[in-house]
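Below, read A as the first sequence line, B as the second, and so on, with proteins coming before strands; counting in each chain starts at 1.
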Protein chains: 4
Amino acid sequence: MRTKNDIKQKALFEATIKLVNEIGFASSSVSKIAKEAGISPATIYVYYKNKEDLLVSTYIEIKRNMSKAIQKDFDDSLPIRDGLKNIWFKIFEYVSTHSAYFQYAEQFSNSPYSSLVDKQEIEKYFDPMIQVIIKGIEQKIIKNVNFEILTAFIFYPIIALSNPRICQDFDLSDENIETAFKLAWDAIRF
Amino acid sequence: MRTKNDIKQKALFEATIKLVNEIGFASSSVSKIAKEAGISPATIYVYYKNKEDLLVSTYIEIKRNMSKAIQKDFDDSLPIRDGLKNIWFKIFEYVSTHSAYFQYAEQFSNSPYSSLVDKQEIEKYFDPMIQVIIKGIEQKIIKNVNFEILTAFIFYPIIALSNPRICQDFDLSDENIETAFKLAWDAIRF
Amino acid sequence: MRTKNDIKQKALFEATIKLVNEIGFASSSVSKIAKEAGISPATIYVYYKNKEDLLVSTYIEIKRNMSKAIQKDFDDSLPIRDGLKNIWFKIFEYVSTHSAYFQYAEQFSNSPYSSLVDKQEIEKYFDPMIQVIIKGIEQKIIKNVNFEILTAFIFYPIIALSNPRICQDFDLSDENIETAFKLAWDAIRF
Amino acid sequence: MRTKNDIKQKALFEATIKLVNEIGFASSSVSKIAKEAGISPATIYVYYKNKEDLLVSTYIEIKRNMSKAIQKDFDDSLPIRDGLKNIWFKIFEYVSTHSAYFQYAEQFSNSPYSSLVDKQEIEKYFDPMIQVIIKGIEQKIIKNVNFEILTAFIFYPIIALSNPRICQDFDLSDENIETAFKLAWDAIRF
DNA sequence: GATGAATGAGTGTTCATTCAT
DNA sequence: CATGAATGAACACTCATTCAT
């Protein structure tokens, strides 16, 4: 299936995200997505097996893209707090500059489509961050509690603050992000 | 003249939530919902203006129900920390016992449908909690930072930890909830 | 079926005509007509057997009303030309003052519903006019040709000139009606 | 890529006319029309934007077809009376041979759908006939009266005489048509 | 007599997908 | 590779009518 015309595939990727964000999965039909991308509905089936494949592949592609951006220039020799703070800012930066991608991913992962994706595959992308936290626990810098609790305080507030559907008026200024990190660090540090 | 049948409306409410959780907004057609509720598709239009009205009303009803449950026996004479902890446990209790409602609300608020709801109307329901936080700030017990940041650390970790789509394996034991509250409090306290 | 509440029946009659003229038979549903008349859809079935009965009865009632108005004060002792001219003006007067009724009747008689009506029953209403023409033929004042041809020149031009869907801009002034009658008379007179 | 199938479109055109004449606009559903034409209901939407577009386009197509037939071999060098008589017979001929088309057009123009059509566009088709009448007036052969009155006596009687819903028993013989023209001419000539 | 609730059958339309080119 | 034509199945919704009160 994978083919030569990358321009069309990219247009399709962007059109899918745009339309799903605007009108939701329910109303985003194959032909509307095709029209938005400037191609024929039939052409979608050259690139993807079916509609579900299009939606799932788009999600996975976003996640891959996101993890790559976040881990770019990642330096695991930094002290724990600095390493986490670095990631913290990277995530906010990605979310700010790719808010449509992020919003699509959020909507997707809150829908039953999410069960079609191998979560471990996705989590693998974010392993370096996990390693920092584990190191922090070992060094008794981070509280030694259930791992899910820790991530709920390090990553989930980011998602809430970045999501315009949740925090409509939150200003993603460096100062605010810095303040937020302070809270996150207070939550998890020993 | 026949009179409206409350049992039918309740069945419709439950069927909507069940189906949307199972197969998502995209696939939850009016006729599938009607079948699940054991009524005729046409009957839905006796109770709701259209499909959108059904979905939005269901969301609002859940939020109303949720806020009522959380604020039951709410005591604002308690010290700040105890007051918040009380609410913290109440939310976990509600989410545990009404996970389907909660999941519907999450999916809804991450979809474009959410723009159809007057957010202020919804937030009104949760005002008592807001008041506790404000009091905490005034008494210099809670950090005096942007309000959205505070709520991102008090409420959103709960949502993450309770959401089986996010924390599949998290055990909602009293001990875990207590630990999680400790982190939340460390995050926000002065 | 015939009942006590004449006000409701009259409202129903008018609502039917108004709605059918505005949106046509196709879109005029029983419940829309009921709403227009300010009654419940179910109440229509107290007065009429079904929707078809409502539409057909409305047509017949209009025709009865029309014939009564046209033949009021009819004087068959007048000379042929004067008798016909009298009717001619009466018809224009009726159509001007009851254009909605007339328009409904036109739409009805051009639709397949018309086959449900006994045409002879309707024509009976207009018998006095027929008699004038027959007298005119016998007296060799009117051309002795096929009867349908004569009526096509005496009655149908009126319908065309009165129908706003056909002659949008025709001014139903006395002068114009008089002129039109001159043409009609020239057409049929010996 | 498949290419559009003219046979299907023609079948759709005929099916629309047949069904609307038989059961009226009210009962002619898209799926019934599709079945009559031997195609899928969905296919109609390949050729027309929606049901309204189908009905209106069918009407316009009939009018175009009609005007072309009537004006075929039209000779405006003939004397006024001969020119009009020629048209008169042509119209009757068309109506006789295409009675279904004619009946559809009549029902359409008496329904609220007619307001969707640009009347001037339609009238343009019949301009040559208008020119003959104007010439007749200028040459003082035809009465110099309101134009709408003249057309009501030249064209509308044809419609009445040809319409089986109005003149059920009228025989469209040459003799009868000739007689009818005599009356029309007597009506309008100076 | 009068009505709102209730519904099976139907509406016009769009859907995801396949086909022929 | 790419496409517009074509469609069975499904969509949200309305219909005419009946029922229980």
Side-chain angles (χ1 to χ4, degrees), chain A residues 1-5 8-9 26-35 38-55, chain B residues 1-6 8-9 26-34 38-55, chain C residues 1-5 8-9 26-35 38-55, chain D residues 1-6 8-9 26-34 38-55:
Chain A
M1 251 170 304
R2 261 321 101 149
T3 98
K4 25 183 77 156
N5 195 333
K8 274 189 182 146
Q9 183 149 24
S27 310
S28 295
S29 70
V30 169
S31 50
K32 281 183 196 157
I33 293 172
K35 183 177 272 181
I39 60 174
S40 162
T43 307
I44 288 181
Y45 292 83
V46 176
Y47 294 87
Y48 299 97
K49 226 174 66 228
N50 52 31
K51 188 189 178 184
E52 190 180 287
D53 185 26
L54 167 65
L55 296 177
Chain B
M1 194 196 55
R2 288 197 225 168
T3 112
K4 260 187 196 166
N5 186 337
D6 273 356
K8 273 186 184 155
Q9 185 150 22
S27 311
S28 295
S29 71
V30 169
S31 59
K32 283 180 194 158
I33 294 172
I39 61 174
S40 161
T43 307
I44 288 182
Y45 294 86
V46 174
Y47 293 87
Y48 299 96
K49 228 173 66 237
N50 51 33
K51 187 189 180 182
E52 189 181 288
D53 185 28
L54 166 65
L55 297 176
Chain C
M1 250 170 304
R2 252 334 94 151
T3 98
K4 26 184 77 156
N5 195 334
K8 275 189 180 147
Q9 183 148 26
S27 310
S28 296
S29 70
V30 169
S31 50
K32 281 183 196 157
I33 293 172
K35 183 177 273 181
I39 61 174
S40 161
T43 307
I44 288 181
Y45 293 84
V46 175
Y47 294 87
Y48 299 97
K49 226 173 67 229
N50 53 30
K51 188 189 179 183
E52 190 180 287
D53 185 26
L54 167 66
L55 296 176
Chain D
M1 193 198 56
R2 289 196 224 167
T3 113
K4 259 185 195 165
N5 186 337
D6 273 357
K8 274 187 182 153
Q9 185 149 22
S27 312
S28 294
S29 71
V30 169
S31 59
K32 282 179 195 158
I33 293 172
I39 61 175
S40 161
T43 306
I44 288 181
Y45 293 85
V46 174
Y47 294 88
Y48 299 97
K49 227 173 68 237
N50 52 32
K51 188 189 179 182
E52 187 180 290
D53 185 28
L54 166 65
L55 297 177

Original post:
Looking only at side-chain N and O atoms, does A/Tyr47 come under 4.0 Å of OP1 or OP2 in F/dC1?
Top reply: no
**OP:** Rounded to the nearest 0.5 Å, what's the gap from NZ on D/Lys4 to OG1 on D/Thr43? Could you check?
**Re:** 11.5 Å
**OP:** Nearest whole angstrom, please: distance from the C1' of E/dT17 to the CG of A/Asp53.
**Re:** 14 Å
Subject >> Polar side-chain atom of D/Lys32 near backbone of D/Ser27 as donor-acceptor pair, under 3.5 Å >> reply: yes
Original post:
Shortest non-hydrogen contact from A/Ile44 to A/Ile33?
Top reply: CD1-CG2, 4.4 Å
Original post:
Please give, in whole Å, the distance from F/dC1 P to A/Tyr48 OH?
Top reply: 15 Å
Subject >> A/Ile44 CD1 to F/dC1 P, straight-line distance once rounded to whole Å >> reply: 16 Å
Subject >> Base versus backbone protein contacts along nucleotides 11-16 of chain F [heavy-atom cut-off under 4.0 Å; B, S, -] >> reply: SSBBSS
**OP:** Just name whichever nucleotide pairs with F/dA20, Watson-Crick or G-U, keeping both distances under 3.5 Å, else none.
**Re:** E/dT3
Subject >> Residue closer to the 5' end of DNA chain E, C/Lys8 versus B/Arg2 (nearest nucleotide) >> reply: C/Lys8
Subject >> Non-hydrogen atoms of C/Tyr48 and C/Leu54 that approach each other most closely >> reply: CE1-CD1, 3.5 Å
Original post:
Is the shortest side-chain N/O distance from A/Ser40 to OP1 or OP2 of F/dA2 below 4.0 Å?
Top reply: no
Original post:
If every non-hydrogen atom of D/Ala34 is compared with every non-hydrogen atom of D/Ser40, which pair is closest and at what distance?
Top reply: CB-C, 3.9 Å
**OP:** Both distances under 3.5 Å, Watson-Crick or G-U wobble: report the partner of F/dC11, or none.
**Re:** E/dG12
**OP:** Would you mind reading off the distance between B/Gln9 atom CD and E/dG4 atom P, rounded to a whole angstrom?
**Re:** 18 Å
Original post:
Do A/Tyr45 and A/Asp53 have side-chain heavy atoms sitting under 4.5 Å apart?
Top reply: no
